[in-house]
Amino acid sequence: MARRDAAPETPASPPLRGLDAAGGLAALRGLLDRPLASYYLLLSSAGLLLLIGLTMVFSATSVRDYAEDGNASASVTKQAIFAVIGIGAFWACQRLPASTYRTLGRPLLITSVALLLVLNLLLAYARLAGKDSAQLGPLRAELLWLFVGGIQLQPSELAKFALVLWGAHIIARKGAALGWWRELATPLFPVIGLLFVLVGYNDVGTMLCLLALVVGLLWAAGVRMRVFGALTAVGLLGVGLLVAVASLGAGSGERGAENYRLARLTLFLNAPPPDQCGDPCYQIYQGRLAIEHGGWFGVGLGKSSLKWDWLPAAHNDFIFAIIAEELGVIGCAVVLSLFAVLAYTGLRIARRVDDPFRRLAAAAVTTWLVSQAVINIGGVVGLLPITGLPLPFISDGGSALVVTLAAIGMLASFARAEPDAARALHARPSARWVRLLWAPLPPLPGRRRRPATPPAARGPVPRSRERRKDDQAAPRGVRQGRSRQGTASERRR
């Protein structure tokens, strides 16, 4: 009788963690390599931040609104109305081509400068009259806001978007001539300096955001490092002057009173103990108490105790402290991760588009939003001085939310214009009613209606070296068409 040997059973080996991690990374790369990955990343990160913002505005304002007029949802209703207007601006902006944005740059810039001039003139008149606000017909100015009839505007928010469009158009038009100082000096730097003065006199935080926006523009354009060094020196000097003029009544300061801007800076550099701090660092101290109270997992949504009129500007500048108290470190990590995804997506769009204007505008918008978030969160947690900047998408404020969503709509238009995304949309176009309702098809890469004209020469500024037919740079000092050719005897004949 033959003996049948049973094969020994081998235990199942556990899956290797390295292979699982490698498979996860490969799957993530596959998702990111899809043609419309930038578009969906942008929509998801911005949409989640907007949803978190509406939730936290309701949580931070419900107690105060109920105590004032018995309606706990007054502020969040107003913010939701602005969110709907912003979504409409997003829808309109994602349908516009790049040529329209280049055309809109100058009118928006002129409009924002005019509004800032009116705001500053009315505030100067109010200072002379010893009042907090001034009114001229339907116009009324109050610190950072301009009221036109019943509409409240913040002109500095419109100035950010206008500077993105106009600056990207000017730099893209200059092209290779941007390496000369004269090309930067006319008209880029004078207009930027005017905006810095008009905005920074009342709001240093927004001026710092504009400075970061300009740095993003010049960095995307490939400007030399010495330009960044000069711009940094001028920016620091301007910030020092704006801090000094707060003693003369700039911003919310008063003549003869303590310089509140200098107090914020000195408190950041050398903060006294909480029992010796007093009013200057009361907001900082309450914000840190909220963060400490939240811990890792928070006290629960809507259960903050510091929002009961203990923390100033809990719904606006310090809303991140309410997030830290109610949602804890986990909630803060989610918000920071969404801003990181937004930063990655904006720079990815800037790297993938082939149009210089789109590349510059995408880099500028990304720098603007991310730097504003960094300045706000850094001030709340104590890593940066407090500047009064709102947190994008999340803080309470209508003008900022509408302009931010319009900028996201422009980024969405650029994401659909990426070469791979445009080819994919044309290969499998959606239904006509979907295109009419959402967004039209972007232009295919490499197709232009008319060739781009080179920039005209400006006086003694030399042109960039032209290309010969063999695509090699012509040496300096040699004019094309006049080079000596042939032997000496041939030249004599």
Side-chain angles (χ1 to χ4, degrees), residues 36 38-39 42-43 46 85-115 153 155 157-175 187-188 191 195 213 216-217 220-221 345-346 349-350 352-369 399 401-419 421-423 425-426 429-430 432-455:
L36 290 170
S38 300
Y39 183 74
L42 183 69
L43 262 62
I85 298 173
I87 292 173
F90 165 86
W91 173 81
C93 287
Q94 79 157 351
R95 297 178 61 88
L96 300 178
S99 58
T100 304
Y101 286 114
R102 300 185 76 154
T103 306
L104 289 175
R106 180 175 294 180
L108 282 180
L109 184 68
I110 294 174
T111 303
S112 60
V113 169
L115 292 176
L153 302 174
E157 296 295 333
L158 180 62
K160 297 175 186 176
F161 196 27
L163 184 58
V164 168
L165 300 182
W166 181 80
H169 170 64
I170 292 296
I171 294 177
R173 189 182 63 184
K174 288 182 180 295
L188 194 64
V191 175
L195 280 178
L213 187 155
L217 266 176
T345 306
I349 295 171
R352 290 185 171 227
V353 292
D354 52 2
D355 180 25
F357 171 79
R358 289 192 179 102
R359 182 177 68 251
L360 295 169
V365 168
T366 306
T367 310
W368 152 27
L369 296 178
S399 300
L401 184 60
V402 172
V403 174
T404 299
L405 289 176
I408 293 296
M410 185 182 69
L411 278 181
S413 172
F414 296 166
R416 290 169 56 88
E418 291 181 4
R423 295 189 189 97
L425 290 172
H426 278 271
S430 53
R432 184 176 179 83
W433 68 270
V434 175
R435 298 199 300 270
L436 291 175
L437 183 64
W438 188 239
L441 290 175
L444 283 172
R447 291 186 180 181
R448 292 184 178 179
R449 293 184 179 180
R450 61 180 64 180
T453 57

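- Closest non-hydrogen pair, Leu115 versus Pro155, comes out as CB-CB, 3.8 Å.
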Start with the C-alpha distance between Val113 and Val191, add both sets of side-chain angles, then the distance that settles side-chain contact (heavy atoms from CB on, under 4.5 Å), and finish with yes or no.
-> CA-CA 9 Å; Val113 169; Val191 175; 5.7 Å; no
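- The CG atom of Leu217 lies 7.5 Å from the OG1 atom of Thr367; values are rounded to the nearest 0.5 Å.
- In terms of the salt bridge (charged side-chain N to carboxylate O under 4.0 Å, His left out) criterion, Glu418 has no residue partners (sequence neighbours excluded).
- Judged purely by atom type and a 3.5 angstrom limit, Trp91 uses its side chain to pair as donor or acceptor with the backbone of Leu437.
- Heavy atoms only, all atoms of each residue included: Leu96 and Ser413 are closest at O-OG, 3.0 Å.
- Going from atom CG of Leu441 over to atom NE2 of His426 covers 5.0 Å, rounded to the nearest 0.5 Å.
- When all heavy atoms are compared, the tightest approach of Leu195 to Ala159 is CD2-CB, 4.2 Å.
- Remark: Ser99 pairs with Pro97 by the side-chain contact (heavy atoms from CB on, under 4.5 Å) rule, at least two apart or across chains.
- Take Trp368 and apply the side-chain hydrogen bond (donor to acceptor under 3.5 Å, both in side chains) test, not counting sequence neighbours, and it matches Gln372.
- Atom CE in Met410 sits 8.0 Å away from atom SG in Cys93 (nearest 0.5 Å).
- Residues satisfying the side-chain contact (heavy atoms from CB on, under 4.5 Å) criterion with Ala412, sequence neighbours excluded, are Tyr39, Leu42, Leu43, Phe90, Gln94.
- Pro107 is linked by a side-chain contact (heavy atoms from CB on, under 4.5 Å) to nothing, counting only residues two or more places apart in sequence or in another chain.
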Can I get a per-line list of side-chain donor-acceptor pairs under 3.5 Å for residues 357-365, giving both atom names and the distance, sequence neighbours left out?
none

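- Across all their heavy atoms, Arg352 and Pro419 have their closest contact at O-CD, 3.3 Å.
- Under the rule for a salt bridge (charged side-chain N to carboxylate O under 4.0 Å, His left out), the partners of Arg423 that lie at least two apart in sequence or sit in another chain are Asp420.
- At least one donor-acceptor pair under 3.5 Å links the side chain of Arg95 to the backbone N or O of Trp438.
- Scanning both residues, Val403 and Leu158, for their nearest heavy atoms gives CG2-N, 4.4 Å.
- For residues 101-115, the set of pairs meeting the side chain to side chain donor-acceptor pair (under 3.5 Å) definition, not counting sequence neighbours, comprises Arg102-His169.
- Residues Ala221 and Ile171 come closest through the heavy atom pair CB-CG2, 3.5 Å.
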